[in-house]
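Note: hydrogens, waters and symmetry copies are ignored here, and every other heavy atom, side chains too, is used. In the text below, chain A, chain B and the rest are named by the order of the sequence lines, each starting its count at 1.
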Amino acid sequence: MLTLSKGLEIQVQNALEKAFPEAAAQALDSGSKLNPQLVRASKPEFGDFQINGALQLSKQLKTAPREIAEKIIQELNRNERFLTICNSAVIAGPGFINLTLQPECLTSEIKTRVKDPRIGVPKRNFIDTHTKYSRVVVDFSSPNIAKEMHVGHLRSTIIGDSLARILEFRGYEVLRINHIGDWGTQFGMLITHLKTVAPEALTKANALELENLVEFYKQAKQKFDSDEIFQKQSREEVVRLQAGDSLSIKAWSLLCDQSRREFQQIYNLLDIQIHERGESFYNKYLANVITELTDANLLIVDQGAKCIFLDEKKNKGSKKSVIIIQKSDGGFNYATTDLAALRYRFNQVPEGDGASRIIYVTDAGQANHFEGIFEIAKRANWIPKGGRIEHVPFGLVQGPDGKKLKTRSGETIRLRDLLDEAVNRAEVDLKLRLQKEGREESEEFIKNVSTTVGIAAVKYADLSQNRITNYQFSFDRMLALQGNTAPYLLYALVRISGIARRGGSDDLNIENLEFNEPQEWELIRELLKFDEIIVEVEEELLPNRLCTYLFELSQIFNRFYEQVPILKADMQNRISRLTLCRLTAKTLQLGMNLLGIPSLERM
RNA sequence: GGGGCUGUAGCUCAGUUGGAUAGAGCGACGGUUUCCUAAACCGUAGGUCGUGGGUUCGAGUCCCGCCAGCCCCGCCA
């Protein structure tokens, strides 16, 4: 109801200014406006919108809140345009004004939405806004070469993908960037170690299974932490690699290829589109970062390393935190790479991406790091005018015991295994139900439904939680057939498909819709919120808001479905109700699609 | 020691620029299958919003102190 509420806002603003012309003029002189505080009603019994401003303005206007409200109402009731949108305004409580929309207004919104593939969600207009460029970088997923993807990558991948989908839908040109860990000290360790234990892996493709590679990586890491000579060798190896030594590069690219194929399988299963541009891509830009930071007088040499000290403002006598830009051995580390990446992304094409907004989807543990990186970027003047840069943090994935999710033996859980288990459990649930209901379904049906339900459950469980907090992973809860879960949403959609199959699919003449039941109006009002939710998620980058909305929509639909006859209703009501079904299906489908979750006709 | 995040019903969590009587789901208890998938729907019980101050007409929400848990803090990413 974005358009409606915008129109309403103008009417309410006018009414307030007409009611108190002197105060309005005064406010205008000081460069502000009287704020009527028009918001959505907090409860259905208060109508559709409420005006809260009278209470706050009381002091300034030296008038009792209810008296202010009374005057605003008088103005509103005099305004014909307002009366075509709303029933007359009502004063309530200590000075709130409750507004209820005209039923014709709601009905006509429903009609336009049924026909609109975007269901009322506007595309962002980049010409009118302060942002000149529509390009956004979403940096997400980012697994490491020579390691398997695990639950830690799950959140970044799922949340990042959903945000990318929503931004794309709103009209941004989104660059989905997989900033994979394909560079740095870890490779020095791995290559050095492989030289002695499995030299063939450095010259021949697929000499090792990925699992073995992971095992070697663990050994290398252990050696690195305990053996000083090995540590030195590894660092030298990194320097060779970063300098472009051909043998090192060859070994490195073999390792990358192998991991890459493994990642792709997961992305296929999760239906994730992402463009790989790992840390190594920025290798050729690293030296320039040093040059620019030196020119900007930001670098300080400390113990042989080039550093930037932060925390200028927060000087409570505390130690300043520091970011190392170039190590004492000449090597670069992840801060350097992140700065080079940031620089590149904001730079204009062809020397960069020409982005106006960069979004990093990583765990909350990196908040300090990004804060530092962003501060440096600001000081170096690398953020263009109107440019936005945001860290989108998320919490840990915990097991049912509240601790970091591990296997029974204490190992990290492979993402692959986790997804397989979700699908298998969904299959067991489904078969049990088929048996109970005496249904016969093909193998293909069972396979398709279990995969969809399993993957959807994992994705939805993650997305439906506020990402900031830690997230307790539980197969039982996410696959539960009731509650705020993917199966619940999928089921609502299946019910609608059922109606369509039984004669609800005829071409509807939606010119004369008529609604009488409270369940219908409740559904209508919920359906019309969709556009606001999408715009909100675009701004706040919180997909759980969309999940909550879809869940509530499903609940309201299920109530409507239970309590109001549809196919058995007379023609007029039948068409009207089928229209609501159709719009509900469209909304659920689009909403789930924006979360990266597919839907089903039957389940 | 410094910094960040979190603390809301028995459990898992929502809670919109501060707005009216703090909401879901699960679990518990009770009820509902003669249109369309009961994987559903309806009802009941359950709260000092960690704690102490402050700002405000109004605070779960903003500010300060304290307590608890988790995470980060110079050559790993």
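Among the protein residues, A/Q50 comes within range of the nucleic acid bases, having at least one heavy atom under 4.0 Å from a base atom. Looking at heavy-atom distances under 4.0 Å, A/R235 makes contact with sugar-phosphate atoms alone, never a base. Using a 4.0 Å heavy-atom distance criterion, A/Q398 is classed as making no nucleic acid contact. Heavy atoms of A/Q326 sit nowhere under 4.0 angstrom from any nucleic acid atom. Residue-level contact check: A/A364 touches neither bases nor backbone, having no heavy atom under 4.0 Å from any strand. The residue A/F46 sits close to a base: some heavy atom pair falls under 4.0 Å. Among the atoms of the strands shown, none is found under 4.0 Å from any heavy atom of A/D476. Contact annotation for A/I324: base contact, defined as any heavy-atom pair under 4.0 Å involving a base atom. Within the nucleic acid shown, A/S328 comes within 4.0 Å of at least one base atom, counting heavy atoms only. Counting non-hydrogen atoms under 4.0 angstrom, A/V564 reaches a base of the nucleic acid. Across all strands, A/D338 comes closer than 4.0 Å to no nucleic acid atom at all (heavy-atom distances).
Between A/I389 and A/Y360 the shortest side-chain heavy-atom distance falls below 4.5 Å. Residues A/T485 and A/R477 form no side-chain contact, since every pair of their non-hydrogen atoms from C-beta on lies 4.5 Å or further apart.
Spacing between B/rA22 and B/rG50 at atom P, rounded to whole Å, works out to 15 Å. The same atom, P, is picked in B/rC35 and in B/rG10; the two are 40 Å apart, to the nearest Å. Nucleotides B/rU37 and B/rC26 have their C1' atoms positioned 23 Å apart, rounded to a whole Å.
The aromatic ring of A/F96 stacks onto the base of B/rA20, its centre lying under 5.5 Å from the centre of the six-membered base ring with the two planes under 30° apart.
For B/rA38, the base has no donor-acceptor partner in the side chain of A/N558 [N/O atoms by modelled type, under 3.5 angstrom].
The residues A/R495 and A/E562 are annotated as salt-bridged, a charged nitrogen and a carboxylate oxygen being separated by less than 4.0 angstrom.
With a 3.5 Å ceiling on both atom-pair distances, the Watson-Crick or G-U wobble partner of B/rG23 is B/rC13. Across every strand in view, B/rA68 sits in a pair with B/rU6 that passes the Watson-Crick or G-U test at under 3.5 angstrom. B/rG60 is unpaired under the Watson-Crick or G-U wobble criterion, no partner having all donor-acceptor distances under 3.5 Å.
When the options A/I145, A/D182, A/L241, A/T337 are evaluated for a side chain to side chain contact (heavy atoms under 4.5 Å, CB included) with A/S280, the one that passes is A/D182.
To the nearest angstrom, C1' of B/rG15 lies 15 Å from CD1 of A/I468. Residue A/L553 contributes atom CG, which lies 16 Å from atom P of B/rA40 at whole-angstrom precision. Rounded to whole Å, atom C1' of B/rC76 lies 10 Å from atom CG of A/N144.
Comparing B/rG74, B/rC13, B/rA20 by their nearest atom to the side chain of A/C307 picks out B/rG74. The side chain of A/E536 approaches B/rU16 more closely than any other nucleotide in the set B/rA14, B/rG3, B/rU16. In the set B/rU37, B/rG19, B/rC75, the nucleotide with an atom closest to the side chain of A/K327 is B/rC75. Nearest nucleotide to the side chain of A/Y561, out of B/rG74, B/rC26, B/rC36: B/rC36.
At distances below 3.5 Å, at least one donor-acceptor pair connects side-chain atoms of A/H153 with backbone N or O atoms of A/H150.
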| field | CA sep, side-chain torsions, deciding dist, call: A/N484, A/Y460, side-chain hydrogen bond (donor to acceptor under 3.5 Å, both in side chains) | value | CA-CA 9 Å; A/N484 188 5; A/Y460 188 82; 2.6 Å; yes
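Proximity of A/K43 to the phosphate of B/rG23: a side-chain N or O atom is located under 4.0 Å from OP1 or OP2. Listed pair A/N466 / B/rC13 fails the phosphate criterion, with no side-chain N or O lying under 4.0 Å from OP1 or OP2.
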